[in-house]
Protein chains: 2
Amino acid sequence: MPTPHYGQPRYRTIANELRQRIEDGEIPPGALLPAESTLTSEFRVSRGTIRHAIAALRDAGLVATEHGRGTYAVAFVPPASQAETKEREVAADADLAILFKIEVGAALIEREVIVRRSGRAQEVVRTYRLPDCAL
Amino acid sequence: MPTPHYGQPRYRTIANELRQRIEDGEIPPGALLPAESTLTSEFRVSRGTIRHAIAALRDAGLVATEHGRGTYAVAFVPPASQAETKEREVAADADLAILFKIEVGAALIEREVIVRRSGRAQEVVRTYRLPDCAL
DNA sequence: AGAAATTTGTCCGTATGTATC
DNA sequence: AGATACATACGGACAAATTTC
């Protein structure tokens, strides 16, 4: 296979996959990600592509890397109370469309964090980003 | 030559050199940097190393790159990521009404944080809470 | 303490895809 | 359409930091 990168480049696909594992708790905060060599085997891509994907996660602040040690998921501080997180794809409303410079109804990724205290929501945080964001 | 990178790595040396040219006005704001191929010849390094150096400058907010065009020095200081915050009262939609255990249309305080990067929104965070909440 | 194995960091050369001029 | 320029991807080699034995 030469190097066709139709649509989404591979490093971005891999970055999203790894991000998903972190957000799903499959790779808990502080835990090491698989080594680059391992990821190379798993995704069947060159090491450079794996490093590119990890660099994207690092830029997004999701992971940190140390020289002879490895790359680990960064621990984020949970907001004291219980928080539940959902992520879904939504259509951009008029306001968001302007901000992101996209068309109304275009796809956006919404991440919703609900902070509850004794059943009732205390705070609801909705974060929007572009689907093809480097993250 | 194999790969001796004693002391400072080459891509960093090159990044510093280019930064110097920008700060000295040799490459004025808005002007294009030499093409990657040109820099490859000038510094006698591979294109990957040049790209690494330019990526460092980009992360620092000193330059911007456009696909088939080139890399140019940015006009002003790194607006790296500028956040603006607005706060307003909104009516609860169906989802929020359930979460907060209030009626649809009841008042909620919405705080919107827009993280921009060179004009376009990179991330939009909307936080909802009850009007009579502290903070 | 020291050697080996593991893992990330740097660099090269090449090939091909894609956007702009 | 052609030339130019950046983007993605491969594979190989060696350096440097860390961990393990």
Side-chain angles (χ1 to χ4, degrees), chain A residues 1-18 22 27 30-74 101 130-135, chain B residues 1-18 22 27 30-74 117-118 120:
Chain A
M1 209 162 337
T3 315
H5 50 280
Y6 305 114
Q8 199 170 239
R10 299 194 195 185
Y11 77 87
R12 201 177 294 273
T13 304
I14 294 170
N16 283 330
E17 165 66 23
L18 292 175
I22 292 172
I27 302 175
L32 285 174
L33 271 64
E36 293 174 357
S37 57
T38 306
L39 294 171
T40 291
S41 303
E42 178 183 340
F43 289 103
R44 303 286 185 157
V45 296
S46 74
R47 196 180 150 212
T49 301
I50 293 295
R51 285 180 62 78
H52 199 161
I54 290 179
L57 295 173
R58 196 165 38 236
D59 288 347
L62 279 159
V63 303
T65 303
E66 286 177 18
H67 198 153
R69 246 176 67 70
T71 298
Y72 52 89
V74 167
K101 296 186 191 293
L130 294 170
D132 59 346
C133 177
L135 278 199
Chain B
M1 200 117 43
T3 314
H5 51 280
Y6 304 114
Q8 201 171 234
R10 299 194 194 184
Y11 77 88
R12 196 167 291 281
T13 305
I14 294 170
N16 284 332
E17 165 65 24
L18 292 174
I22 291 172
I27 302 175
L32 285 174
L33 272 65
E36 293 174 356
S37 56
T38 306
L39 294 172
T40 292
S41 303
E42 179 183 340
F43 289 103
R44 304 287 186 158
V45 296
S46 76
R47 200 181 146 215
T49 301
I50 293 294
R51 285 180 61 77
H52 199 159
I54 290 179
L57 294 174
R58 194 162 43 233
D59 287 348
L62 280 163
V63 303
T65 303
E66 286 176 21
H67 200 148
R69 237 173 75 67
T71 298
Y72 52 89
V74 295
R117 187 134 185 170
S118 57
R120 191 171 44 252

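The chains referred to below are lettered A, B, ... by the order of the sequence lines, with proteins before strands, and numbering in each begins at 1.
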Exercise. How close do B/Val45 and B/Thr40 get, heavy atom to heavy atom, and via which atoms?
Worked result: O-CG2, 3.0 Å

Exercise. From C/dG9, D/dC6, C/dC11, pick the nucleotide closest to the side chain of B/Thr65?
Worked result: D/dC6

For this session: Locate the shortest heavy-atom distance separating B/Tyr72 from B/Gly30; write the atom from each residue and the value.
Result: CB-O, 3.7 Å

Exercise. Expressed in angstrom and rounded to an integer, what is the separation of A/Gln8 atom CD from C/dG17 atom P?
Worked result: 19 Å

Exercise. What do you reckon, is CZ of B/Arg12 surrounded by more than 12 foreign heavy atoms closer than 6.0 Å?
Worked result: no

Problem set entry | Base C/dG9 to side chain B/Arg12, donor-acceptor N/O within 3.5 Å cut-off | no

For this session: Classify the side chain of A/His67 versus the base of D/dA16 as yes if they form a donor-acceptor pair under 3.5 Å and no if they do not.
Result: yes

For this session: Determine, stepwise, if the pair A/Phe43 / A/Arg10 fulfils side-chain contact (heavy atoms from CB on, under 4.5 Å).
Result: CA-CA 9 Å; A/Phe43 289 103; A/Arg10 299 194 195 185; over 6 Å; no

Problem set entry | Earlier contact from the 5' end, DNA chain D, for A/Tyr11 and A/Glu66 | A/Tyr11

Exercise. Just checking B/Gly48: base, sugar-phosphate only, or nothing, at a heavy-atom cut-off of under 4.0 Å?
Worked result: nothing

For this session: Nearest whole angstrom, please: distance from the P of C/dT16 to the CZ of A/Arg10.
Result: 14 Å

Exercise. Choosing from D/dT8, D/dC10, C/dC11, which nucleotide comes nearest the side chain of A/Val45?
Worked result: D/dC10

Seminar exercise, completed: When rounded to the nearest 0.5 Å, the distance separating CD of B/Glu17 from OG1 of B/Thr13 is 9.5 Å

Exercise. Does the base of D/dA7 carry an N or O that pairs as donor and acceptor with the side chain of B/Arg47 under 3.5 Å?
Worked result: yes

Exercise. For residues 35-44 of chain B, which residues have at least one heavy atom under 4.0 Å from DNA chain D?
Worked result: B/Ala35, B/Glu36

Seminar exercise, completed: Shortest non-hydrogen pair, B/Ile14 vs B/Ala53, comes out as CG2-CB, 3.9 Å

For this session: Counting heavy atoms from C-beta on, name the nucleotide in D/dT18, C/dC21, C/dG13 closest to the side chain of B/Ser46.
Result: C/dG13

Exercise. Is any side-chain nitrogen or oxygen of A/Thr49 closer than 4.0 Å to OP1 or OP2 of D/dC10?
Worked result: yes

Problem set entry | Selection from D/dC10, C/dT8, C/dC21 that lies nearest to any side-chain heavy atom of B/Arg69 | C/dC21

Problem set entry | Distance, nearest 0.5 Å, that separates CG of B/Leu32 from OG1 of B/Thr38 | 11.0 Å

Exercise. Over how many whole Å does the gap from B/Ile54 atom CD1 to D/dT8 atom P extend?
Worked result: 14 Å

Exercise. What is the distance, rounded to the nearest whole Å, between atom NE2 of B/His52 and atom P of D/dT8?
Worked result: 15 Å

For this session: Considering just the side-chain nitrogens and oxygens of A/Arg51, establish if one lies under 4.0 Å of OP1 or OP2 belonging to C/dG9.
Result: yes

